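Since the structure comes first, as structure tokens, the remarks are kept for the end.
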Number of protein chains: 2
Amino acid sequence: MALEHAILVSLAERSATGYDLARRFDASIGRFWKASHQQIYKVLARMEADGWTSAEHIAQGARPDKKVYALTEAGRGELIAWLARATPPEQVRSEFAVKIRALHLLDRVTVLDAVRARRADHQARLDGYDLSMSKFFPDPSALAEEEIGPYLALRGGIRLERNGIDWCNEIIETLENR
Amino acid sequence: MALEHAILVSLAERSATGYDLARRFDASIGRFWKASHQQIYKVLARMEADGWTSAEHIAQGARPDKKVYALTEAGRGELIAWLARATPPEQVRSEFAVKIRALHLLDRVTVLDAVRARRADHQARLDGYDLSMSKFFPDPSALAEEEIGPYLALRGGIRLERNGIDWCNEIIETLENR
DNA sequence: GGGCGCATGTAAAGCGTTACATGATTGC
DNA sequence: GCAATCATGTAACGCTTTACATGCGCCC
């Protein structure tokens, strides 16, 4: 896919400026797709040229002018078409896992420290997700139609971090018991 | 990081040609770092220029000539230094998760079909990993020193697939119960 | 006769990261 | 006075993907 489809998803939720999108990519959507503002502005310009979005220029006295992007019918069509297309299984790319493979080249203490640091890292993100969960979905048994997706995506994030923690624990235990 | 460090890890296990590496990246190492042969040949050339690897030219009558790359002392040093450097938490990039976020824009049947297909995909890879496990590590309580890393990496892969399956099941159940 | 395995590359295009650039307002 | 927030970009570089290119031997 590409960034443009993630932007389509975000704009379908709410129209936004490039700046807004960049912040969303730092928070919710960004759990599964990171993007810098530089990238976003470039792609946004291309999407406008392709007719997927339309921009409304808004002058603000004190603050800088802004361009609010909204989905066009064509953009919405492309979004639906993309959603319906089969998703190729994405490949994992984990520097940590590559290092784990070669762990016997390092002394045990260094490895254990690194694994504990990574576990703390997973835990910190998990704490953030738990907070989002209680803030945005306090009652998961009563979700509005458009909330199911974001809820399940957040659940996916939580599972990912928990899984990361479990793996770290397994590594630590395996190394300590020998 | 980059591909070069994954190649260093692979060459530390055994010297290899670019072709061999490409196959390894299709199998074991590739669980966590994919690379095409085009990429590998280019990086290998640069690594040789940097003195991290040394190549031995071998002419084979019938088959094409080959270059067997081995780690140099400098390469080994770089590998150890990289292993000891802190690993920045890698960002997830999941097209599937982005789609899940926007799932309410599609009809339920299409979504469920897609999620079931993805679950099957996870299951297929898990089956492959289970096979590797029984083939290479039939007795995990008696692992040689250099086997611990590859064993734990494989465990990580297994956990990842299982976690993927669990998430798919949660999505399916959530969608079916409403 | 056709496809696969071995073996090595070049070239172009697209995507992503990092650095640079500007400028006003608000809060500490 | 200094940092952060709002707001939008350009430029250079590097990594990744996709397409193109070659050529022999073996098996069905």
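Since we're looking at a predicted model, the values are computed, not measured. Labels below follow one simple rule: chain letters A, B, ... track the order of the sequence lines, proteins then strands, and each chain is numbered from 1.
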* From C/dA12, C/dA19, D/dC15, nucleotide with atom closest to B/Arg46 side chain -> D/dC15

* **Of the listed nucleotides C/dT8, D/dT8, D/dT18, the one nearest the side chain of B/Lys66** => C/dT8

* Asked: Which one, D/dC20, C/dC6, D/dT16, comes nearest to the side chain of B/Gln38?
  -> D/dC20

* Is any NZ, NE, NH1 or NH2 atom of the basic residue among A/Arg23 and A/Asp20 found under 4.0 Å from an Asp or Glu carboxylate oxygen of the other? -> yes

* Nearest whole angstrom, please: distance from the C1' of D/dA7 to the CZ of A/Arg24. => 15 Å

* Nearest to side-chain heavy atoms of A/Gln39, which nucleotide of C/dA12, C/dT17, C/dT8 -> C/dT17

* Nearest whole angstrom, please: distance from the C1' of D/dG14 to the CG of B/Leu3. => 13 Å

* Could you tell me the separation between the CD atom of B/Glu4 and the P atom of D/dG14, rounded to a whole number of Å? => 12 Å

* To do: For A/Arg93 and B/Lys34, indicate whether the former's side chain and the latter's backbone hold a donor-acceptor pair under 3.5 Å.
  => yes

Donor-acceptor pairs under 3.5 Å, side chain of residues 98-111 of chain B to any protein atom, not counting sequence neighbours: which ones?
| from | atom 1 | to | atom 2 | distance (Å) |
| --- | --- | --- | --- | --- |
| B/Lys99 | NZ | A/Trp82 | O | 3.1 |
| B/Lys99 | NZ | A/Arg85 | O | 2.7 |
| B/Lys99 | NZ | A/Thr87 | OG1 | 2.9 |
| B/Arg101 | NE | A/Glu13 | OE2 | 2.8 |
| B/Arg101 | NH2 | A/Glu13 | OE1 | 3.0 |
| B/Arg101 | NH2 | A/Glu13 | OE2 | 3.4 |
| B/Asp107 | OD1 | B/Thr110 | OG1 | 2.6 |
| B/Asp107 | OD2 | B/Thr110 | N | 3.4 |
| B/Asp107 | OD2 | B/Thr110 | OG1 | 2.9 |
| B/Arg108 | NH1 | B/Leu175 | O | 3.3 |
| B/Arg108 | NH1 | B/Arg178 | O | 3.4 |
| B/Arg108 | NH2 | A/Glu145 | OE2 | 3.2 |

* **Distance, rounded to the nearest Å, where A/Arg63 contributes CZ and D/dA4 contributes P** => 18 Å

* Between atom CG in B/Asp20 and atom C1' in C/dA7, what is the gap in whole Å? -> 10 Å

* Between D/dC15, D/dT8, D/dT16, which nucleotide gets closest to the side-chain atoms of A/Lys67? -> D/dT8

* Closest non-hydrogen atom pair, B/Gly157 against B/Arg31 -> CA-CD, 4.4 Å

* Nucleotide nearest B/Tyr69 when distance is taken to its side chain, options C/dG9, D/dA12, C/dG23 -> C/dG9

* A/Arg93 side chain, from C-beta outward: closest of C/dT18, D/dA19, D/dT16 -> D/dT16

* Asked: Rounded to whole angstroms, how far apart are CZ on A/Arg23 and C1' on D/dT8?
  -> 14 Å

* To do: Choose from C/dG5, D/dG9, D/dC6 the nucleotide whose nearest atom is closest to any side-chain atom of A/Tyr41.
  => D/dG9

* **Shortest side-chain distance from B/Tyr19, nucleotide among C/dG5, C/dT18, C/dT10** => C/dG5

* When you check the phosphate oxygens OP1 and OP2 of C/dC6, does a side-chain N or O of B/Thr17 lie under 4.0 Å from one of them? -> no

* **Results of side-chain hydrogen bond (donor to acceptor under 3.5 Å, both in side chains) for A/Ser36 - residues two or more places apart only** => A/Gln38

* Asked: Can you check the B/Ile7 CD1 to D/dC15 P distance for me, whole Å?
  -> 12 Å

* Structure fact -> 5'-most contact on DNA chain C (nearest-nucleotide basis), B/His37 vs B/Gln91, goes to B/His37

* **Integer-rounded Å distance: D/dG9 C1' and A/Leu21 CG** => 15 Å

